There are 2 protein chains.
Amino acid sequence: MLTKSEENYIKEIYALEQINTEGVSTNLIAQKIETKASSVTDMLKKLAKKELINYQKYKGVKLNAEGKKIALSVVRKHRLWETFLVNKLNFSWDEVHDIAEQLEHIQSEKLTNQLDAFLNFPKVDPHGDPIPDVNGEFIAIKTVCLNELEVGEKGVFVEVKNDSEKFLKFLTKNNITIGSEIKVIDKEVFDDSYTIEIGEKQFNISESVIKNIYLKR
Amino acid sequence: MLTKSEENYIKEIYALEQINTEGVSTNLIAQKIETKASSVTDMLKKLAKKELINYQKYKGVKLNAEGKKIALSVVRKHRLWETFLVNKLNFSWDEVHDIAEQLEHIQSEKLTNQLDAFLNFPKVDPHGDPIPDVNGEFIAIKTVCLNELEVGEKGVFVEVKNDSEKFLKFLTKNNITIGSEIKVIDKEVFDDSYTIEIGEKQFNISESVIKNIYLKR
DNA sequence: ATATTTTTTTAGACTTGACTAAAAATAAGT
DNA sequence: ACTTATTTTTAGTCAAGTCTAAAAAAATAT
């Protein structure tokens with residue numbers, strides 16, 4: 001059985017692998033987990049000893065099959081709880097992240113699976129992220145980042161890659177919600193901001209917003 | 001903010017106070033929490049420093065107002081989660097204790113209160129224990145222990161004072177469930193066992209079972 | 001009332017997960 | 001290629017929560 005801390009490292013390594021593909025660096029983990037590189041090294045040794053990762057000094061780290069299984073189980077729990085909070089307890093999508101960070105560590109396979117059934121086996125969570133099933137499998141919908149769309153192109157907003165309260169509140173305030181049809185009206189070369197159109201309204205959004213919005217073409 | 005460990009001590013002290021009334025002893029806490037007396041002493045010092053208990057060396061311990069408030073909040077969460085597991089996720093009453101022990105430490109007042117509302121503000125949990133409301137108040141139903149009933153007397157089983165899986169499975173197997181009408185047919189002076197009647201059936205139960213069954217006369 | 005037993009506390013040690021500071025390895029720049 | 005900068009690891013420390021063993025206080029027994 002793993003500690004909360006070990007699970008958090010595993011989860012973070014998994015998330016970073018999805019972006020980087022190659023081995024994940026100590027510093028990157030430290031930055032994401034908001035800890036020091038030396039602490040990360042300590043934990044990597046521990047996880048290597050438990051045979052959850054492949055780790056060679058100075059060479060970065062990769063989850064092995066067992067590590068990936070654990071990562072997917074934590075992600076599954078996180079996303080199911082988020083779905084529960086929004087769908088059943090009337091939370092909004094910007095309030096659930098921190099609570100799910102706690103709930104994802106509850107140990108009970110039966111609980112996870114009963115919750116899944118209670119929610120009717122949802123395929124995605126309130127942020128559009130896919131929910132792994134009991135075997136760790138999930139449907140990877142083909143999405144493109146908003147910054148890949150050309151001027152004049154449009155797509156449906158299906159997934160957000162930043163679950164922070166501030167960011168999600170900003171989106172809500174501007175009526176940018178999952179399911180919105182977004183059209184790129186103009187790209188500003190000076191600051192990489194875009195003018196987009198949702199419904200009748202046109203407005204400008206900055207690069208840091210753009211890169212967290214994913215759409216179905 | 002308190003650690004899981006601190007909350008567990010507070011909760012246990014509260015539970016022991018309900019039985020003992022007088023100050024709770026170090027050894028008793030140690031026994032219940034399954035730890036050593038020396039560890040308890042350490043924790044009592046810590047809780048005293050945080051001003052949650054009144055503690056004098058060698059004199060036992062009592063929760064103060066703030067400590068009691070925390071205890072009630074943990075108890076509230078525990079019992080709400082147990083109710084959720086049984087009423088919404090189809091768990092049986094003997095499976096929920098350990099999971100609720102984990103869930104009771106999740107920190108989010110909003111979560112607790114939304115869960116309460118979702119469950120329709122239940123007054124008792126699946127074991128018949130009263131659930132404190134948002135202000136820590138609960139309805140104390142007047143119950144008597146089965147060992148207080150005279151031969152020929154009957155009552156309705158409303159609360160069980162032992163949440164262990166083994167004990168609850170035993171009750172279920174013998175059809176002794178919350179709401180059952182129980183009549184005392186005979187008391188055996190030799191071993192303090194009782195012959196009781198539920199429905200048509202009569203059978204014998206031991207003293208260790210009797211003392212955990214509480215009824216409404 | 002004194003000796004014995006029981007309870008409680010103290011002292012010192014261990015583990016987990018973090019930290020700082022310094023050393024070692026790797027990467028980058030000229 | 002060699003120096004400088006960056007990244008990563010090592011070494012040593014710390015707090016929380018636990019433990020064992022020993023000392024101190026309180027309770028019990030004769």
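In what follows, every chain begins at residue 1, and chains take the letters A, B, ... in the order their sequences are listed. Bear in mind that the values here come from a model prediction, so they are computed numbers and not experimental data.
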Got a sec, which residues hit salt bridge (Lys or Arg N to Asp or Glu O under 4.0 Å) with A:Glu165, two or more places apart in sequence or on another chain?
A:Lys169
Only counting residues at least two apart or in another chain, list the ones meeting salt bridge (Lys or Arg N to Asp or Glu O under 4.0 Å) with B:Glu12.
none
For [X] and [N], what is the distance between atoms [atom1] and [atom2] respectively, to the nearest whole Å?
X: B:Ile33; N: D:dT18; atom1: CD1; atom2: C1'; answer: 12 Å
X: B:Met43; N: D:dT18; atom1: CE; atom2: P; answer: 5 Å
X: A:Glu34; N: C:dC19; atom1: CD; atom2: C1'; answer: 15 Å

Where do N or O atoms of nucleotides 12-15 of chain C meet protein N or O atoms at under 3.5 Å, pair by pair?
none

For [N] and [X] - does any side-chain N or O of the residue sit under 4.0 Å from the phosphate oxygens OP1/OP2?
X: A:Tyr9; N: C:dA18; result: yes
X: B:Lys36; N: D:dT20; result: yes
X: A:Thr35; N: C:dA18; result: no
X: B:Ser38; N: C:dT9; result: no

Exercise answer: donor-acceptor pairs, residues 95-104 of chain B side-chain atoms, under 3.5 Å, sequence neighbours excluded:
residue, atom, partner, partner atom, Å
B:Glu95, OE1, A:Lys110, NZ, 3.3
B:Glu95, OE1, B:Ser92, N, 2.8
B:Glu95, OE1, B:Ser92, OG, 3.2
B:Glu95, OE2, A:Lys110, NZ, 2.9
B:His97, NE2, B:Glu101, OE2, 3.4
B:Glu101, OE1, B:Lys11, NZ, 3.3
B:Glu101, OE2, B:Lys11, NZ, 2.9
B:Gln102, OE1, A:Gln107, N, 2.7
B:Gln102, NE2, A:Gln107, O, 3.1
B:Glu104, OE1, B:Lys11, NZ, 3.4
B:Glu104, OE1, B:His78, ND1, 2.7
B:Glu104, OE2, B:Lys11, NZ, 2.8

Specify the residues of residues 99-107 of chain B, ordered by number, for which at least one heavy atom lies under 4.0 angstrom from an atom of DNA chain D.
none
Could you list the residues that satisfy side chain to side chain contact (heavy atoms under 4.5 Å, CB included) with [X], not counting sequence neighbours?
X: A:Glu22; answer: none
X: B:Val160; answer: B:Trp93, B:His127, B:Phe157, B:Asp163, B:Phe167, B:Leu168, B:Leu171
X: B:Pro132; answer: B:Leu72, B:Val75, B:Arg76, B:Phe138
X: B:Asn174; answer: B:Phe170, B:Ile176, B:Phe203

Letter per nucleotide, 5' to 3', of nucleotides 3-8 of chain C [B base touched, S only sugar-phosphate touched, - untouched; heavy atoms, 4.0 Å]
----SB
Would you tabulate the side-chain donor-acceptor contacts of residues 25-38 of chain B under 3.5 Å, counting partners in other chains and residues two or more places apart, or write 'none'?
residue, atom, partner, partner atom, Å
B:Ser25, OG, B:Leu28, N, 3.2

Please confirm whether B:Tyr14 and B:Tyr9 have ring centers closer than 6.0 angstrom.
no
NA contact type, B:Lys45, heavy-atom cut-off 4.0 Å: base, sugar-phosphate, or nothing?
sugar-phosphate
Sort and list the pairs that fulfil side chain to side chain donor-acceptor pair (under 3.5 Å) and have at least one residue in residues 48-62 of chain A, not counting sequence neighbours.
A:Glu6-A:Lys50
Test side-chain hydrogen bond (donor to acceptor under 3.5 Å, both in side chains) on A:Thr83 and A:Asp125; report intermediate values, then the result.
CA-CA 5 Å; A:Thr83 306; A:Asp125 76 9; 5.8 Å; no
